[in-house]
Engineer: 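Have a look at the structure that comes next, please.
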Amino acid sequence: MPRGFFITFEGLDGSGKTTQLRRLATALEAQGHSVVTLRQPGGTPLGDRIRSILLDSKSEAALGPIAPLAELALMFADRAQAIAQIIEPALAAGSIVLCDRYTDSSEAYQGGGRQLGSEPVLALHQAVCSNLQPDLTLLLLPALKSSLRRARNRNQRHIQAEGTDENRFERESDDFYRRIYEKYEEIAAREPHRVVAFRDDATIEQIHAQIKNTVTARLVPAHAL
Ligand code: TMP
């Protein structure tokens, strides 16, 4: 059984990565591939609990301010569980794993946004994730302004439709998001083979086509589309 292929999606809130992940999963499944999808934080029962602590804007009213390093450590606790419970077994079974956010998010949000720097993030990745790297990372990086507008609209709709509030990060300042954006740029420049950035403000369909081309070119022949 050949080992599977690990693809992560990255970008700011509102970058459209979740829509693109679903579109790619459907396309790959239609080609007969076994596809496993998950998101971070979350995706396992433990991870879903961690997600609600980290994303609910009411958490800090109940728990007090969450220290940036505690936030980082919780992101990695979630990730370690997802690797053990979902990602490694799926790769061993030959599946294509599509993960909505991974360690680049910790580097961008906690390293950049919270100003912890890249070093503790990369050290934790080494220690807690056995340095498991994606085979390919699809980074959706449309202009910062349009991403912010979409993220803020989306969260209002989420609260109205579902009554759940995953607003803890979206309440942050534009400067916080600028630092995240810059850190994503830095990661893309540092690892150009792994990270492919999509910067156009193109339609969902156009980006989907570009993503499919990129994935087709990277999949080993055993997984070819
Ligand atoms: P999303 O599932 O809507 O993308 O939201 C997840 C939020 O959690 C998003 O604001 C980014 C944040 N996040 C981090 O700050 N660090 C991380 O390591 C991960 C995975 C997510």
Side-chain angles (χ1 to χ4, degrees), residues 1-11 13 15 17-18 20-22 24-25 28-29 33-55 66 68-114 116-140 166 168-169 180 183-184 187-188 190-191 193-196 211 214-215 218-220 222-223:
M1 170 72 66
R3 187 170 163 83
F5 199 80
F6 183 23
I7 302 176
T8 59
F9 282 73
E10 291 286 350
D13 307 86
S15 61
K17 66 186 169 37
T18 305
Q20 291 299 340
L21 185 151
R22 291 199 192 110
L24 181 64
L28 291 169
E29 276 166 351
H33 292 290
S34 160
V35 178
V36 171
T37 64
L38 75 158
R39 68 176 177 181
Q40 293 190 353
T44 63
L46 175 63
D48 288 338
R49 294 258 192 111
I50 293 173
R51 182 178 178 95
S52 67
I53 292 171
L54 287 173
L55 268 58
I66 299 175
L69 281 169
E71 181 178 276
L72 177 65
L74 284 168
M75 293 293 181
F76 272 100
D78 164 71
R79 189 160 297 128
Q81 187 70 12
I83 290 171
Q85 215 171 335
I86 301 177
I87 298 173
E88 268 301 346
L91 292 174
S95 296
I96 298 174
V97 176
L98 304 183
C99 193
D100 191 342
R101 299 194 180 282
Y102 190 64
T103 294
D104 294 328
S105 282
S106 299
E107 190 176 347
Y109 281 73
Q110 282 68 52
R114 301 274 190 237
L116 292 175
S118 295
E119 291 73 17
V121 180
L122 300 178
L124 274 168
H125 186 69
Q126 191 66 261
V128 173
C129 305
S130 313
N131 210 27
L132 175 68
Q133 294 290 356
D135 297 298
L136 173 65
T137 294
L138 304 164
L139 170 61
L140 299 190
E166 293 201 335
R168 205 177 133 252
F169 283 94
I180 293 168
K183 189 58 90 173
Y184 271 134
I187 295 168
R190 185 182 70 210
E191 295 181 59
H193 182 71
R194 173 175 67 85
V195 181
V196 178
I211 285 178
T214 304
V215 171
R218 293 293 185 97
L219 280 177
V220 290
H223 288 94

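Because only heavy atoms are used, hydrogens play no part in the values below, and waters and symmetry mates are left out as well, while side chains stay in. Only a predicted model underlies this, so the values are computations on that prediction, with no experimental measurement involved.
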Engineer: Report yes if some heavy atom in the side chain of Gln20 is under 4.5 Å from a heavy atom in the side chain of Leu138; otherwise report no.
Structural biologist: no
Engineer: What do the steps show when you test Val97 against Leu38 for side chain to side chain contact (heavy atoms under 4.5 Å, CB included), and what is the final call?
Structural biologist: CA-CA 8 Å; Val97 176; Leu38 75 158; 3.8 Å; yes
Engineer: Hey, are the side chains of Asp100 and Thr37 touching, using non-hydrogen atoms and a 4.5 Å cut-off?
Structural biologist: no
Engineer: Does Arg51 reach the main-chain N or O of Pro41 with its side chain, forming a donor-acceptor pair under 3.5 Å?
Structural biologist: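 Yes; at least one donor-acceptor contact below 3.5 Å.
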Engineer: Who passes side chain to side chain donor-acceptor pair (under 3.5 Å) against Thr137, sequence neighbours left out?
Structural biologist: Thr8, Arg194
Engineer: Excluding sequence neighbours, so at least two apart, what forms ring pair (Phe, Tyr, Trp, His ring centres under 6.0 Å) with Phe6?
Structural biologist: Tyr102
Engineer: Given 3.5 Å as the limit, does a donor-acceptor pair link the side chain of Asp48 with the main chain of Gly43, or not?
Structural biologist: yes
Engineer: Just verifying a value: how many Å separate Thr44 OG1 and Ile87 CD1, rounded to the nearest 0.5 Å?
Structural biologist: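 Those atoms lie 10.0 Å apart.
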Engineer: Would you say the side chain of Ile211 lies within less than 4.5 Å of the side chain of Phe9, judging by non-hydrogen atoms?
Structural biologist: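 In short, these two side chains touch, coming nearer than 4.5 Å.
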Engineer: Run the side chain to side chain contact (heavy atoms under 4.5 Å, CB included) test on His193 and Arg218 for me, step by step, so that the C-alpha distance in whole Å, both residues' side-chain angles and the decisive distance to 0.1 Å come before the verdict.
Structural biologist: CA-CA 10 Å; His193 182 71; Arg218 293 293 185 97; 4.0 Å; yes
Engineer: Please give me the minimum heavy-atom distance between Gln40 and Ala82, naming the atom from each residue.
Structural biologist: NE2-CB, 3.8 Å
Engineer: Provide the closest heavy-atom pair for Pro68 versus Leu116 in the form atom of the first, atom of the second, distance.
Structural biologist: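 Closest approach of Pro68 to Leu116, heavy atoms only: O-CD1, 3.7 Å.
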Engineer: Do Val36 and Ile86 have side-chain heavy atoms sitting under 4.5 Å apart?
Structural biologist: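 A side-chain contact under 4.5 Å exists here.
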Engineer: When rounded to the nearest 0.5 angstrom, what is the spacing between OG in Ser95 and CG in Leu28?
Structural biologist: 11.0 Å
Engineer: Rounded to the nearest 0.5 Å, how far does CG of Leu24 lie from NZ of Lys17?
Structural biologist: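 One finds 14.0 Å between NZ of Lys17 and CG of Leu24.
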Engineer: Closest approach of Ile180 and Ala108, non-hydrogen atoms and distance?
Structural biologist: CG1-O, 3.4 Å
Engineer: Identify the residue among Leu74, Leu124, Thr103, Leu132 that makes a side chain to side chain contact (heavy atoms under 4.5 Å, CB included) with Arg79.
Structural biologist: Thr103
Engineer: Would you say that more than 12 heavy atoms from the other residues, nucleotides or ligands in this model lie under 6.0 Å from the CZ of Arg190, or not?
Structural biologist: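 Result for CZ/Arg190: enclosed.
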Engineer: Apply side chain to side chain contact (heavy atoms under 4.5 Å, CB included) to Glu10 and Leu140, showing your working.
Structural biologist: CA-CA 6 Å; Glu10 291 286 350; Leu140 299 190; over 6 Å; no
Engineer: Can you check whether Gln85 reaches Pro45 side chain to side chain, under 4.5 Å on heavy atoms?
Structural biologist: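 Sidechains of Pro45 and Gln85: in contact.
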Engineer: Within the structure provided, determine whether Tyr184 and Glu107 are in side-chain contact (heavy-atom separation under 4.5 Å).
Structural biologist: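 Heavy-atom side-chain distance check fails, nothing below 4.5 Å.
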Engineer: May I have the step-by-step check of salt bridge (Lys or Arg N to Asp or Glu O under 4.0 Å) for Arg101 and Asp13, ending in yes or no?
Structural biologist: CA-CA 11 Å; Arg101 299 194 180 282; Asp13 307 86; 3.7 Å; yes
Engineer: Could you check if a side-chain atom of Ile96 sits within less than 4.5 angstrom of a side-chain atom of Leu219, using non-hydrogen atoms only?
Structural biologist: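 The answer is yes, as the side chains (C-beta and beyond) meet within the 4.5 Å cut-off.
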Engineer: Less than 4.5 Å apart, side chain to side chain, heavy atoms only: is that true for Arg3 and Asp135?
Structural biologist: no
Engineer: Name the one of Val195, Val196, Ile187, Asp104 that satisfies side chain to side chain contact (heavy atoms under 4.5 Å, CB included) with Leu139?
Structural biologist: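 The passing option is Val195.
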Engineer: Provide the closest heavy-atom pair for Met75 versus Ser106 in the form atom of the first, atom of the second, distance.
Structural biologist: CB-OG, 3.9 Å
Engineer: Which atom names give the shortest non-hydrogen contact between Gly117 and Pro120, and what distance separates them?
Structural biologist: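 Smallest heavy-atom distance, with atoms named: O-CD, 3.5 Å.
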